[in-house]
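What follows is a set of notes on a single structure, which appears directly below.
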Amino acid sequence: MMLGAALAFAAPVLLPMPAYAQATPEENPLVQRGVPAEATAETAVIARDRALNAGQRTAYDRMAAALGLPRGIPDAQIEGLVQSLVIESERITTRGYSARLTVNFNPGRVAAMGGRSPGAPPGAIGAPGTLFSAPGGPATGPAPAGTPTAQAPGIGGPAVATVEALALYRSFPEWVEITRRLGAASPVARFDIVSLTGESARLRLGLRTQPPEAAAELAQSGIALAPAPIDSRPGEGWRLSLAGGR
């Protein structure tokens, strides 16, 4: 699951975008509120991951019904459409996780899938002043290359380096805090969870700077990132934790 974009706060879009902003929040299918997310598993960490995946799919299905988008697409494709994920409330037990989410979808990426505007007849794509209307007229196909997308606050640019890291934590709240800080950290373009257990997770980090520079910047955000010992297993070349942790 790619959570780097999912947990970041949405930033205002300052460049031209499809004119979805003309819709009110209640009418805008790109913003799905009050989405239930619930799962049980052998640990609360795994339950949370499964619940958030399920919640994003529920949000996508709601949006797809409004816009005439394809159903049954892979979780990874849904993840790529999510601009930000806000946890409104959550409840954690030893083996369970439940929450209510607000899921914000990226308008440029959704438009590129060719959905119709809400209320339009099947087969219609866009209309002046509606969801997928480009400035000056309706959209007639996929969004052009280079369509701007929102970034986390104050940051931008693609990943220039990728590292595999083993994240260590002593409790579920500590893991949640790690993902929150990574999602808001300027040097992190994205991060994927490769695997996770009750006390560690293997992550793939896409960094906007080279690893040594990114590690120094992450330290200012309360995240310790350092090379792992020489005898570490493949895929664990770096160690990550909250600053001051193990």
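These figures come from a predicted structure and were not determined experimentally. All values below come from the heavy atoms of this structure, side chains included, with hydrogens, waters and symmetry mates left out.
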| field | Glu38 versus Tyr97, side-chain donor and acceptor atoms under 3.5 Å | value | no
Do [X] and [Y] come close enough that some side-chain heavy atom pair is under 4.5 Å?
X      : Y      : result
Phe105 : Val82  : yes
Leu242 : Arg181 : yes
Thr179 : Phe191 : yes
Leu218 : Val188 : yes
Val103 : Arg62  : no
Thr102 : Gln32  : no
Gln210 : Val160 : yes
Asp61  : Arg71  : yes

Quick one: pull up [atom1] in [X] and [atom2] in [Y] and give me the separation to the nearest 0.5 Å.
X      : Y      : atom1 : atom2 : result
Leu182 : Leu203 : CG    : CG    : 6.5 Å
Ser98  : Arg48  : OG    : CZ    : 12.5 Å
Arg170 : Ser200 : CZ    : OG    : 14.0 Å
Leu207 : Glu213 : CG    : CD    : 10.0 Å

| Donor-acceptor pair, side chain of Arg100 and main chain of Glu90, under 3.5 angstrom |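 Flag not set: sc Arg100 to bb Glu90 has no pair under 3.5 Å.
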| message | I'd like to know if the side chain of Thr209 and the backbone of Ala214 have a donor-acceptor N/O pair within less than 3.5 Å. | response | yes
| task | Could you walk me through whether Leu52 and Leu101 pass the side chain to side chain contact (heavy atoms under 4.5 Å, CB included) test, one step at a time? | result | CA-CA 8 Å; Leu52 295 182; Leu101 313 174; 3.9 Å; yes
For [X] against [Y], the heavy-atom pair lying closest together:
X      : Y      : value
Glu164 : Val194 : OE1-CG2, 4.2 Å
Ala228 : Arg239 : CB-CG, 3.8 Å
Trp175 : Ala167 : CZ3-CB, 4.4 Å
Ile178 : Ile223 : O-CD1, 4.4 Å
Pro211 : Val163 : CG-CG1, 3.6 Å
Arg57  : Ile73  : NH2-O, 2.5 Å

| field | From CA spacing to verdict: side chain to side chain contact (heavy atoms under 4.5 Å, CB included), Val45, Val176 | value | CA-CA 9 Å; Val45 172; Val176 172; over 6 Å; no
| task | For side chain to side chain donor-acceptor pair (under 3.5 Å), just list the numbers for Glu199 and Tyr169, CA-CA rounded to whole Å, side-chain angles, deciding distance to a tenth of an Å, and then say yes or no. | result | CA-CA 5 Å; Glu199 60 180 21; Tyr169 40 88; over 6 Å; no
| request: Apply side chain to side chain contact (heavy atoms under 4.5 Å, CB included) to Asn53 and Ile78, showing your working. | output: CA-CA 9 Å; Asn53 271 329; Ile78 294 175; over 6 Å; no
| task | Quick one: list whatever passes side-chain contact (heavy atoms from CB on, under 4.5 Å) with Arg50, sequence neighbours left out. | result |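 Partners of Arg50 under the side-chain contact (heavy atoms from CB on, under 4.5 Å) test: Ala39, Ala41, Glu42, Ile46.
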| Residues Leu69, Met63; criterion side chain to side chain contact (heavy atoms under 4.5 Å, CB included); working and verdict | CA-CA 8 Å; Leu69 296 172; Met63 177 183 69; 3.9 Å; yes
| Among Leu240, Asp192, Thr162, side chain to side chain contact (heavy atoms under 4.5 Å, CB included) partner for Leu205 | Leu240
